[in-house]
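Computed from a predicted model, the values in this text were never measured in an experiment.
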Amino acid sequence: MRYDLVIFDNDGVLVDSEPISNKLLAGYLTELGHPTSYEDSLRDYMGAAMHRVHDLVEERTGRRLPQDFDDVFHARVFAAFERELEPVVGAVGVLEKLAADGVPYCVASSGSHERIRVGHRKTGLDRWFDEGRIFSSQDVGRGKPAPDLFLYAAERMGVAPARCVVVEDSPLGVRAAVAAGMDVYGFVAMTPVDRLVGATQLFADMGELVDLLV
């Protein structure tokens, strides 16, 4: 393995949550009078922390979202996760291989700690992630595309940024990893290739990841 730490994004990389959450986000924004399609949500918010949703809506309309927006949205998402969420195909095999080989790994997600844990419990990925391997945008001042979250994860894991590789599926995440001085492998199963410009390498099958990192 050419890296000392593998940092995984969560949504769309470990758990197949992006279709679920973006359909719900588009629907909720539309319900509140901010017409948003599923494609709009993927383009504008995929990989982002919730503050980006608030910031973009206010910037574009001059109106603030309701104070309980995050709570209502997350309640809808968590209910849908319980019904529908599955791990990304191939993710379990990657984690098994990294663990067996003793390669350090962690997750660094724009999602809240609660969202990460709900998703991992539902999909069975919680067995691979103890408390010390989970990092959220809640832990830092700025979410992606700022590098803060990835730098924080590397620091907590005791690895220099140049020895880390990030696995990401969003343009914001790729920008954050590049800004952190880390290599980044862009997962294009759901994301158009041209939106992950700057990635060190692109791949479409999670099952191939370990071999690519060697």
Side-chain angles (χ1 to χ4, degrees), residues 7-85 88 107-120 122 134-153 166 168-180 184 186-187 189-192 195-198:
I7 303 176
F8 291 97
D9 174 45
N10 189 54
D11 294 291
V13 170
L14 294 175
V15 296
D16 194 15
S17 54
E18 293 290 10
I20 297 171
S21 59
N22 280 282
K23 284 173 187 171
L24 289 171
L25 180 57
Y28 189 25
L29 287 172
T30 299
E31 182 183 314
L32 292 172
H34 306 286
T36 305
S37 69
Y38 172 63
E39 291 73 21
D40 293 337
S41 185
L42 289 175
R43 181 195 65 226
D44 293 339
Y45 305 122
M46 182 173 167
M50 288 302 294
H51 67 77
R52 178 176 171 86
V53 182
H54 289 264
D55 292 346
L56 276 185
V57 168
E58 184 172 7
E59 177 184 311
R60 290 170 174 174
T61 69
R63 295 160 51 202
R64 293 191 175 189
L65 292 170
Q67 282 194 326
D68 64 350
F69 179 87
D70 290 12
D71 291 339
V72 173
F73 174 63
H74 284 131
R76 295 181 183 187
V77 168
F78 296 163
F81 279 4
E82 292 297 336
R83 296 190 303 267
E84 307 171 41
L85 190 63
V88 167
V107 60
S109 172
S110 291
S112 66
H113 279 282
E114 184 182 13
R115 178 182 172 122
I116 297 167
R117 286 170 174 77
V118 168
H120 284 190
K122 174 59 172 64
I134 298 176
F135 306 101
S136 160
S137 61
Q138 289 180 310
D139 301 326
V140 295
R142 300 180 300 167
K144 305 169 189 177
D148 304 34
L149 177 56
F150 291 141
L151 293 173
Y152 176 74
V166 175
E168 263 288 355
D169 70 330
S170 76
L172 294 175
V174 168
R175 286 167 55 193
V178 171
V184 54
F187 184 44
M190 253 191 75
T191 311
R195 296 207 67 211
L196 297 187
V197 173

Is the backbone of D68 close enough, under 3.5 Å, to the side chain of D71 for a donor and an acceptor to pair up by distance? no
Which heavy atom of R52 sits nearest to which heavy atom of D44, and what is that distance? NE-O, 2.6 Å
What residues form a salt bridge (charged side-chain N to carboxylate O under 4.0 Å, His left out) with D148, not counting sequence neighbours? R142
What's the spacing between L196 CG and R175 CZ if we round to 0.5 Å? 12.0 Å
Over all heavy atoms of both residues, which pair between G143 and S137 is shortest? Give the atoms and the distance, please. CA-CB, 4.3 Å
Got P19 and Y38 here, is their nearest side-chain heavy-atom distance under 4.5 Å? yes
Please list, chain by chain and in numerical order, all residues satisfying side-chain hydrogen bond (donor to acceptor under 3.5 Å, both in side chains) with E58, sequence neighbours excluded. R64
Could you measure the distance from the CD atom of Q138 to the CD1 atom of I116? Nearest 0.5 Å is fine. 8.0 Å
Under a 3.5 Å cutoff, is there a donor and acceptor pairing between the side chains of S170 and R195? no
Step-by-step side chain to side chain contact (heavy atoms under 4.5 Å, CB included) determination, L14 to H120: CA-CA 9 Å; L14 294 175; H120 284 190; 4.3 Å; yes
Y28 meets the side-chain hydrogen bond (donor to acceptor under 3.5 Å, both in side chains) criterion, sequence neighbours left out, with none
Ignoring hydrogens and angles, state whether a donor on the side chain of N10 or S109 is under 3.5 Å from an acceptor on the partner side chain. no
When rounded to the nearest 0.5 angstrom, what is the spacing between CZ in R117 and OG in S136? 8.5 Å
Once rounded to the nearest 0.5 Å, what's the spacing between atom CE of M50 and atom CG of L65? 8.0 Å
One should read off an interatomic distance between L24 CG and S17 OG, to the nearest 0.5 angstrom, of 11.0 Å
For V15 and V88 the tightest heavy-atom approach is C-CG2, 3.6 Å
Salt bridge (charged side-chain N to carboxylate O under 4.0 Å, His left out) with D40: which residues, sequence neighbours excluded? R43
Are the side chains of V57 and L29 in touch, meaning some heavy atoms are under 4.5 Å apart? yes
What I'd like to find out is whether the side chain of F135 reaches to under 4.5 Å of the side chain of H113, using heavy atoms alone. no
Ring geometry between F73 and F69 (parallel below 30°, tilted from 30 to 60°, perpendicular above 60°): parallel
Measuring only between side-chain heavy atoms, which start at C-beta, is K144 closer than 4.5 Å to D9? yes
For A48 and L172 the tightest heavy-atom approach is CB-CD1, 3.5 Å
pair E18-M46: side-chain heavy atoms closer than 4.5 Å: yes
Going by heavy atoms in the side chains, are V53 and L25 under 4.5 Å from each other? yes
Measure from NZ or CZ of K122 to the centre of the six-membered ring of F81, then state whether that distance is under 6.0 Å and the direction lies within 45° of the axis. no
side-chain hydrogen bond (donor to acceptor under 3.5 Å, both in side chains) partners of residues 73-83, not counting sequence neighbours, each pair once: E31-R76
Could you work out, with side-chain hydrogen bond (donor to acceptor under 3.5 Å, both in side chains) as the rule, every residue matching D169, not counting sequence neighbours? none
Kindly give the heavy-atom pair with the smallest separation between P66 and L32, and that separation in Å. CD-CD1, 3.9 Å
For the pair T30 and H34, evaluate side chain to side chain contact (heavy atoms under 4.5 Å, CB included) and give the outcome as yes or no after the intermediate values. CA-CA 5 Å; T30 299; H34 306 286; over 6 Å; no
Charged N to carboxylate O under 4.0 angstrom, D11 versus R115? yes
Indicate yes or no for a side-chain donor-acceptor contact from S110 to the backbone of G47 under 3.5 Å, with no hydrogens or angles considered. yes
What one should report as the nearest heavy-atom pair of V184 and V178 is CG1-CG2, 4.1 Å
